[in-house]
Amino acid sequence: MKLPKIYEAKEYEENIYALWEKSGVFTADPHSKKERFSISMPPPNETGTLHLGHALFVTLQDVMSRHARGQGKDVLWLPGTDHAAIATNALIEKQLATEGTNKHEIGRDDFLKRTKEFVGNSRDTINTQIRAMGASVDWSRSRYTLDDTLNRCVNEVFVKMYNDGLIYRGHRIVNWDPNLETNVSDDEVDYKEELGKFYTFQYGPFQIGTARPETKFGDKYVVMHPDDKRYAQYNHGDTFVAEWINGPITATIIKDESVDPSFGTGVMTITPWHSQIDFEIAERHGLDKEQIIDFHGKLLPIAKEFAGMDIAEARPKIVAKLKSLGLLVTENGEYMHSIATNSRGKGVIEPQIRLQWFIDVNKPVMDWKGKRCSMKQVMQAVVNDGDIKIIPKNYEKVYFNWTNNLRDWCISRQIWWGHRVPVWYRTNGDGEVETFVGVEMPTDTSEGWHEWEQDPDTLDTWFSSSLWTWSTLIDQDLAKDPTLSLQDLFDRSIDYKTYHPTTVLETGWDILQFWVARMILATTYVTGEVPFKDVYLHGLVRTENGRKMSKSDPETIIDPIEVIGEYGTDALRLALVQGTSAGTDQRLGKSKILANRNFCNKIWNIARYVEDVVGDDLDREGTKAISAADHWILHKLAAAQQKISDDITQYRFSEAYETLYHFIWDDFADWYIEASKVEPNISLLAYVLENVLLIAHPFAPFLTETIWQTLAWENDSVLAGKQLRTILRSDSKEAAAFQEVQAIVTEIRFITSAMKVSGVSLHYSDAPFIWEHNQIIQRLARLKEVSEAESQNNDGLYLTSSKQRCWLDIDTATAQNYLRELQAKEGRQIAVIKQLEGRLGNESYVKNAPKEVVEQTKQQLQEAQDLLSTLEVETQRFTITPTEVTGP
RNA sequence: GGGUGAUUAGCUCAGUUGGCUAGAGCAUCUCGUUUACACCGAGAGGGUCGGGGGUUCGAGUCCCUCAUCACCCACCA
């Protein structure tokens with residue numbers, strides 16, 4: 001088949017993916033006897049569209065998965081999507097707002113219905129785009145965080161934790177988003193710096209500072225450090241009456257060590273309902289807590305004349321009033337403070353006290369390796385003990401740092417989209433409340449009791465995500481049977497038994513805490529095993545200038561879908577792999593994608609050439625190495641295949657790719673194919689091409705499969721389902737002979753290029769090696785001819801890279817100019833020899849260094865000395881006989 | 001305030017447990033249309049591996065220190 005000169009990726013990719021899906025090569029087979037390799041794909045938001053972060057993780061996980069298949073493993077790469085509770089909820093609320101309505105007006109049921117309709121369509125988008133990236137995932141096992149099975153798992157875990165006393169309900173300060181009317185986790189709070197005003201007010205005998213006067217209505221405690229000498233005359237518990245916003249107030253003095261005496265006046269009042277720190281102080285001393293701002297962000301009746309106002313509106317008015325009362329001491333307009341915002345909804349966070357559900361991370365209820373441990377302890381143990389390996393290793397420190405400071409995890413959210421808390425309440429006429437915690441809604445009815453009503457809260461998205469590695473492997477049919485326990489489901493789900501723990505989790509370092517740590521927490525607790533053995537953390541993809549790509553700055557965004565259309569998926573994948581390393585951010589620009597597009601085209605043209613030479617019929621019988629070049633390329637191929645495998649297995653993707661790149665471009669294309677034009681070995685050429693396609697496949701699946709499908713001598717087969725082969729053996733002496741040919745050719749190219757001569761010939765005398773390889777040398781070095789001379793003479797330029805006596809017929813005057821190069825080379829050699837001699841002359845080196853290293857040094861020295869003596873002969877020839885070169 | 005990482009060629013980055021005469025891609029310069037490929041081929045230039053000190057036979061690699069930059073966490077009454 002005749003292929004066009006240029007590889008036009010978009011003409012093939014869709015069909016190739018369809019071919020793969022049809023062939024079933026991505027479908028895992030738990031009944032096979034093969035070694036297992038399993039990855040859970042981090043589920044993208046179902047409403048999302050593909051960005052470079054997805055492109056990167058798909059690429060890396062695909063490289064691993066395809067490579068594992070190539071190694072003959074049974075691979076499960078399980079895809080799925082996440083319901084992204086807060087983000088989706090916010091999106092729908094925004095839609096409602098533009099329609100002039102809101103969630104309360106349409107009600108919970110309609111809201112959920114609407115959300116489901118909306119996300120139903122958008123999930124196709126992200127899944128299509130993941131296909132476009134070439135992801136070799138098992139679509140038959142695709143899961144969604146709100147699937148019935150996963151929902152059941154969520155409820156089962158909640159109930160189990162509740163029964164173990166790990167889940168409790170309590171009044172705590174939460175990060176309240178008044179826009180979305182939900183709380184968000186600490187990790188989802190973004191702080192941004194903002195210039196604001198800082199006020200100092202007179203409060204009884206004290207001066208107190210604040211940036212938030214609107215919270216101060218109810219303040220009736222002044223807090224200071226117990227050792228602050230300025231306030232030594234005041235005792236803990238003393239009271240005084242202070243004139244305040246809405247009249248006199250009786251205040252109590254509290255001494256607490258959390259106050260920083262050097263900040264401001266060293267005295268502050270507290271607002272326990274709206275500040276974490278203040279809440280903690282109040283808890284320590286058993287103080288009253290009063291709500292000032294309601295859950296919509298408006299002031300409560302305690303603010304009297306200001307009640308019902310928004311904070312922004314009320315603040316200046318309150319300051320004005322305090323000023324009129326003569327209580328404003330100073331006003332500093334340039335106070336830098338950070339504003340807490342919801343990273344999902346962008347609303348400004350108002351700390352509030354709410355009744356919330358929490359997971360206790362410190363309660364020792366787990367049996368782990370024979371010890372009674374808390375979740376926090378297990379989280380640390382699995383990494384400490386090496387049950388889970390984090391790559392790169394330095395992120396273990398980040399992980400420990402985070403787990404050390406871990407507080408109880410607030411898992412309830414007040415939004416509607418998500419897994420609803422599996423708790424039901426009912427009341428009776430006497431106002432008594434009964435609580436039921438269970439997987440299914442209770443069905444019993446009792447005289448005098450009202451209907452059961454479910455807790456309105458939903459669970460943090462990360463709660464369901466934390467079960468991802470195993471909840472996705474639970475048999476969906478079994479999960480429908482309510483008589484089976486969670487343990488039964490584990491015991492009877494063949495996928496779970498076969499593929500869990502997963503081999504590796506591949507994700508970005510930015511969600512180490514959100515997701516990775518929580519998966520470890522929940523999975524060790526529920527299943528008694530780790531969710532994955534290795535964690536590979538990739539870096540973020542940044543712009544060419546090192547900035548974060550951001551939606552607010554669309555110029556900076558590289559859209560993978562656009563890139564795929566223009567350069568092909570493989571070019572994008574290769575660009576993402578090239579120069580990536582664990583935990584390190586990378587920069588991606590067009591030039592890098594272009595370079596890799598060119599590499600794809602190179603492979604394409606290699607294939608075109610080989611197909612052209614081989615023709616439609618290939619005789620595989622007796623495929624073997626004949627020439628030195630044949631032996632050499634087999635040797636290189638075997639080495640490359642091995643190194644690429646090792647590197648991928650050890651997550652050194654960039655290095656694996658570099659090896660592949662140089663093997664294909666430098667060794668195969670530039671040397672072997674060129675050499676084979678002189679000494680063709682057609683079956684071996686085809687053999688090397690096939691193996692190149694096999695080893696390149698994980699990196700550039702579309703291109704390699706496209707080529708594979710066009711190979712007329714291949715039977716119906718899918719490259720994606722092929723295993724790596726054991727490379728034919730080669731003779732190392734023959735391979736070394738080709739390396740000598742390379743050295744000779746390289747030297748001739750250097751000389752002719754440096755001297756700007758062409759059409760020169762190489763002569764030799766008593767040099768059977770040159771005679772043997774004369775054709776290949778002639779062609780690769782672009783010589784006029786290679787011929788045997790009757791005797792050696794002083795004309796021409798002798799080669800120094802080989803012991804063979806051979807010389808270029810360059811006229812002596814030109815050759816004289818080459819003396820400079822020779823002398824420079826000589827200088828370098830002398831320096832090298834000096835260093836090597838110094839090393840070997842050092843007794844402790846010879847004594848302490850490993851034997852093979854010393855041997856290697858000796859060999860290096862020998863080679864360097866040989867080369868030097870050859871160089872010396874040459875330079876002398878020029879130096880001694882300057883008169884002879886002038887000529888007539 | 002606590003922590004982590006980075007600093008290697010003009011640019012972007014590799015460089016495993018110390019064994020290096022420090023690599024790659026892009027860019028630059030010179031030459032070149034040859035049974036695939038100009039999205040190509042051949043060749044070249046370019047680095048006291050941020051500064052200083054130390055350990056070692058040997059340091060880009062380990063330790064200390066300084067400088068600069070980036071990021072994460074906590075927090076600012």
Side-chain angles (χ1 to χ4, degrees), chain A residues 3 5-7 186-187 191 198 208-212 215-216 219 223 258-260 263-271 275-278 335-338 392 394-395 397-398 401-402 405 509-510 512-513 540 544 546 567 571 578-581 583-589 591-592 594-613 646-647 650 652 654-655 658 661-662 669-670 673-674 677 680 746 749-754 756 758 779-782 828-829 831-832 835-836 838-839 841-850 852-854 856-857 860 864:
Chain A
L3 298 173
K5 271 187 173 186
I6 301 285
Y7 171 62
D186 292 346
D187 303 302
Y191 290 93
F198 188 79
I208 54 136
T210 184
R212 303 205 51 195
T215 63
K216 296 285 147 197
D219 287 11
V223 191
S258 67
V259 178
D260 177 5
F263 186 92
T265 58
V267 181
M268 64 181 196
T269 61
I270 56 169
T271 315
S275 152
Q276 176 74 35
I277 292 283
D278 294 1
Y335 177 67
M336 192 60 92
H337 60 152
S338 49
N394 54 284
Y395 272 91
K397 284 184 193 168
V398 177
N401 191 34
W402 186 78
N405 297 323
W509 55 256
D510 51 326
L512 178 65
Q513 299 117 307
L540 306 179
E544 219 156 3
Y567 301 99
Q578 187 179 47
T580 187
S581 68
T584 310
D585 294 352
Q586 64 166 315
R587 300 178 185 197
L588 184 73
S591 68
K592 204 170 165 188
L594 198 71
N596 286 288
R597 191 273 318 259
N598 293 354
F599 179 55
C600 290
N601 199 53
K602 186 72 188 179
I603 297 177
W604 180 252
N605 275 289
I606 288 170
R608 279 181 68 216
Y609 174 77
V610 175
E611 293 202 72
D612 194 36
V613 171
D646 290 349
D647 281 341
Q650 288 167 73
R652 296 189 298 243
S654 171
E655 286 180 62
E658 201 172 305
Y661 185 96
H662 288 113
D670 289 345
I673 289 184
E674 291 308 315
K677 287 174 183 173
T746 304
R749 284 170 175 173
F750 175 74
I751 293 169
T752 53
S753 171
K756 299 196 195 307
S758 59
R779 183 184 167 93
L780 297 186
R782 308 228 162 271
R828 280 197 294 267
Q829 282 308 305
V832 168
Q835 199 189 358
L836 292 170
R839 203 183 291 176
N842 186 327
E843 263 180 51
S844 36
Y845 171 71
V846 180
K847 216 172 73 192
N848 297 330
E852 63 270 21
V853 174
V854 178
Q856 198 190 338
T857 311
Q860 281 171 349

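Residue numbers begin at 1 in each chain, while the letters A, B, ... track the order of the sequences.
- If you take atom C1' in B:C72 and the same atom in B:U55, they sit 32 Å apart, rounded to whole Å.
- Going from the C1' atom of B:U30 to that of B:G19 covers 37 Å, rounded to whole Å.
- Within 4.0 Å of A:Arg749, counting heavy atoms only, lie sugar-phosphate atoms of the nucleic acid but no base atom.
- In this structure, A:Ala864 and A:Ser654 both approach RNA chain B, and ranking their closest nucleotides by distance from the 5' end singles out A:Ser654.
- Using N1 to N3 plus N6-O4 or O6-N4 for Watson-Crick, or N1-O2 and O6-N3 for G-U wobble, each under 3.5 Å, B:C75 pairs with nothing.
- As judged by a 4.0 angstrom heavy-atom cut-off over every strand, A:Ile270 is placed among residues making no nucleic acid contact.
- In this structure B:G43 sits in a base pair with B:C29, meeting the Watson-Crick or G-U test at under 3.5 Å.
- Spacing of C1' atoms, B:A9 relative to B:G47, comes out at 5 Å, to the nearest Å.
- A close approach under 4.0 Å does not occur between any side-chain nitrogen or oxygen of A:Arg212 and OP1 or OP2 of B:A77.
- Going from the C1' atom of B:G23 to that of B:C49 covers 12 Å, rounded to whole Å.
- Distance from the side chain of A:Tyr609 is smallest to B:A36 among B:A77, B:U4, B:A36.
- In this structure, A:Gln513 reaches the sugar-phosphate backbone alone: every heavy-atom distance under 4.0 Å involves primed, P, OP1 or OP2 atoms, never a base.
- No contact: A:Val223 has no heavy atom under 4.0 Å from any strand.
- At a threshold of 4.0 angstrom between heavy atoms, the contacts of A:Asp670 are confined to the sugar-phosphate backbone, with no base atom among them.
- Geometrically, A:Lys602 does not engage A:Tyr661 in a cation-pi contact, judged by NZ or CZ lying under 6.0 Å from the ring centre and within 45° of the ring axis.
- B:A42 and B:G58 are spaced 41 Å apart, taking the P atom of each and rounding to whole Å.
- When the nucleotides B:A24, B:A36, B:A77 are ranked by their closest atom to the side chain of A:Lys677, B:A36 comes out on top.
- In this structure, A:Leu836 CG and A:Thr857 OG1 are separated by 6.5 Å, a value rounded to the nearest 0.5 Å.
- Within the structure, a side-chain polar atom (N or O) of A:Lys5 is placed less than 4.0 Å from OP1 or OP2 of B:C37.
- With hydrogens and angles left out, the side chain of A:Gln586 and the base of B:A14 share no donor-acceptor pair within 3.5 Å.
- Partner assigned to B:U4 is B:A70, using Watson-Crick or G-U wobble distances below 3.5 angstrom.
- Rounded to whole Å, the separation between the C1' atoms of B:G18 and B:C57 comes to 12 Å.
- Under 4.0 angstrom from either OP1 or OP2 of B:C13 there lies no side-chain N or O belonging to A:Lys592.
- With P as the reference atom, B:C62 and B:U28 are 35 Å apart, rounded to whole Å.
- Minimum atom distance to the side chain of A:Thr746 is reached by B:G43, of the listed B:G43, B:G25, B:A77.
- Among the nucleotides B:A14, B:C37, B:U4, the one closest to any side-chain atom of A:Asn394 is B:U4.
- Taking atom C1' on both B:U17 and B:U56, the two are 16 Å apart, rounded to the nearest angstrom.
- Within the 4.0 Å cut-off from OP1 or OP2 of B:C40, at least one side-chain nitrogen or oxygen of A:Asn598 is found.
- Each of B:A77, B:C40, B:U12 was ranked by its minimum atom distance to the side chain of A:Lys602; first place goes to B:C40.
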